[in-house]
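The block underneath contains the structure these notes are about, expressed in structure tokens.
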There are 2 protein chains.
Amino acid sequence: MLSKKTKYGLKALAYLAAQSDKKPVQISEIAEKENISQKFLESILLSLRKTGFLGSKKGKGGGYYLIKSPEEISMTDIMRVLEGPIAMVPCVSLNFYETCDDCPDENTCSVHKLMLQVRDSALDVYRNNTLKDIIS
Amino acid sequence: MLSKKTKYGLKALAYLAAQSDKKPVQISEIAEKENISQKFLESILLSLRKTGFLGSKKGKGGGYYLIKSPEEISMTDIMRVLEGPIAMVPCVSLNFYETCDDCPDENTCSVHKLMLQVRDSALDVYRNNTLKDIIS
DNA sequence: TATTACCCTACTAATTTAATAGAGTTTTCA
DNA sequence: TGAAAACTCTATTAAATTAGTAGGGTAATA
């Protein structure tokens, strides 16, 4: 299940991407328009700033803005930052790999086999979508 | 993230599918071979029986066995029973649909748009794999 | 220099997951 | 027939994660 953090983060990014210019948008505006708790959204936008997706401007007329243009932002990167691993089990994760304590051998594990396919298919989707593609 | 329930359930099903005959296999045997807490596995197998995937036999020489043959069991059905919705948000779920309280319009929602593709790609994988396909 | 708006830390409530405990029931086989 | 094997069921709990809240701090700008 997609976490609210990811959901809200995506909505906020889409909101910013849909702006005609690159002027900073206040947290309060996004929170209101997208029905998100402002405080929660604050922490999400902060993490998107720290990971290089957003820039911010303080003081009057301040707010958040996209650093890159929407067509340069891959869903793969956003999902990894917001949601974490794309894989459903750590043993098939490219960026968050871990071995399973149970499972003596990945190569013969049926779960591994299936989840590898699921991961690849999800990656396909994320790689083929930029932020621009998902705004209507 | 895949729940342990689903992971263990899949492993147990695969274990049963790999049997040469259809004789009942004891919970304790599966639990030991697949490194699963026996009590936890009990409840998982029970739910797989109630949903028509497994049959059981009580008493000495009893245990669980597959009702259908492995190539007739679609991953789609198993995943829905063990993990629940395949979609990552309820608003794109085929079998567990729910509207979002936030989101005024699904058709213009960027999250909806993206997650629809992710769901379809996952479904593709699950529909193309039977229990037989994932045992090595 | 006052105001606006981002920045940061800490805490908490709710939910879900992953078990664990223990008693009960059915079936089989000797 | 009776004891053991093995499934069945309910209830409880511990741990982890998520989602949100509270509240003050800091920087920038008009």
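In what follows, chains carry the letters A, B, and so on, assigned in the order in which the sequence lines appear, proteins first and then strands, with residues in each chain numbered from 1.
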Round to the nearest Å and state the distance from A/Tyr64 atom OH to C/dA5 atom P.
13 Å
Hey, could you give me each pair passing ring-ring contact (aromatic ring centres under 6.0 Å, His included) that has a residue in residues 79-103 of chain B? Not counting sequence neighbours.
none
Are A/Glu83 and A/Ser3 linked by a side-chain donor-acceptor pair shorter than 3.5 Å?
yes
In whole angstrom, what separates A/Lys60's NZ from C/dT1's P?
17 Å
B/Gln117 meets the side chain to side chain donor-acceptor pair (under 3.5 Å) criterion, sequence neighbours left out, with A/Asn129
Would you kindly give the CG-to-C1' distance between B/Leu45 and D/dT8, to the nearest whole Å?
12 Å
Modelled atom types, side-chain donor and acceptor of B/Asp124 and B/Ser121, under 3.5 Å
no
Ignoring hydrogens and geometry, is there a side-chain-to-backbone donor-acceptor pair from A/Ser69 to A/Glu71 under 3.5 Å?
no
Pull out every residue in residues 12-32 of chain B that has a heavy atom closer than 4.0 Å to any atom of DNA chain D, ordered by number, or say none.
B/Val25, B/Gln26, B/Ile27
Rounded distance in Å - CG (A/Leu46) to C1' (D/dA27):
14 Å
Which residues, if any, of residues 75-104 of chain A bring a heavy atom under 4.0 Å of DNA chain D?
none
Under 4.0 Å between a side-chain N or O of B/Arg49 and OP1 or OP2 of D/dC9?
yes
So do the side chains of B/Leu54 and B/Leu66 get within less than 4.5 Å of each other, counting heavy atoms only?
yes
What integer distance in Å separates B/Leu41:CG from D/dC9:P?
16 Å
Between A/Ile86 and A/Arg80, is a side chain to side chain contact (heavy atoms under 4.5 Å, CB included) present by the stated rule, with each step listed?
CA-CA 7 Å; A/Ile86 286 165; A/Arg80 288 212 174 101; 3.9 Å; yes
Below the 4.0 Å mark, does D/dC9 have OP1 or OP2 next to a side-chain nitrogen or oxygen of B/Lys50?
yes
A/Ile44 CD1 - C/dC6 P separation (whole Å):
14 Å
Whether each nucleotide of nucleotides 12-24 of chain C has a protein heavy atom under 4.0 Å at its base (B), only at its sugar-phosphate (S) or at neither (-) is summarised, 5' to 3', as ------SSBBBB-
Can you find a side chain N or O atom of A/Tyr65 that sits less than 4.0 Å from OP1 or OP2 on C/dA5?
no
Taken in chain and number order and not counting sequence neighbours, the residues that satisfy side chain to side chain donor-acceptor pair (under 3.5 Å) with A/Glu29 are A/Tyr15
Where do B/Val111 and A/Leu2 land on the side chain to side chain contact (heavy atoms under 4.5 Å, CB included) test, with the steps shown first?
CA-CA 10 Å; B/Val111 176; A/Leu2 202 70; 4.0 Å; yes
Atom CD of B/Glu106: over 12 foreign heavy atoms under 6.0 Å
yes
Decide if atom NZ of A/Lys132 counts as having more than 12 heavy atoms of other residues, nucleotides or ligands within a radius under 6.0 Å.
no
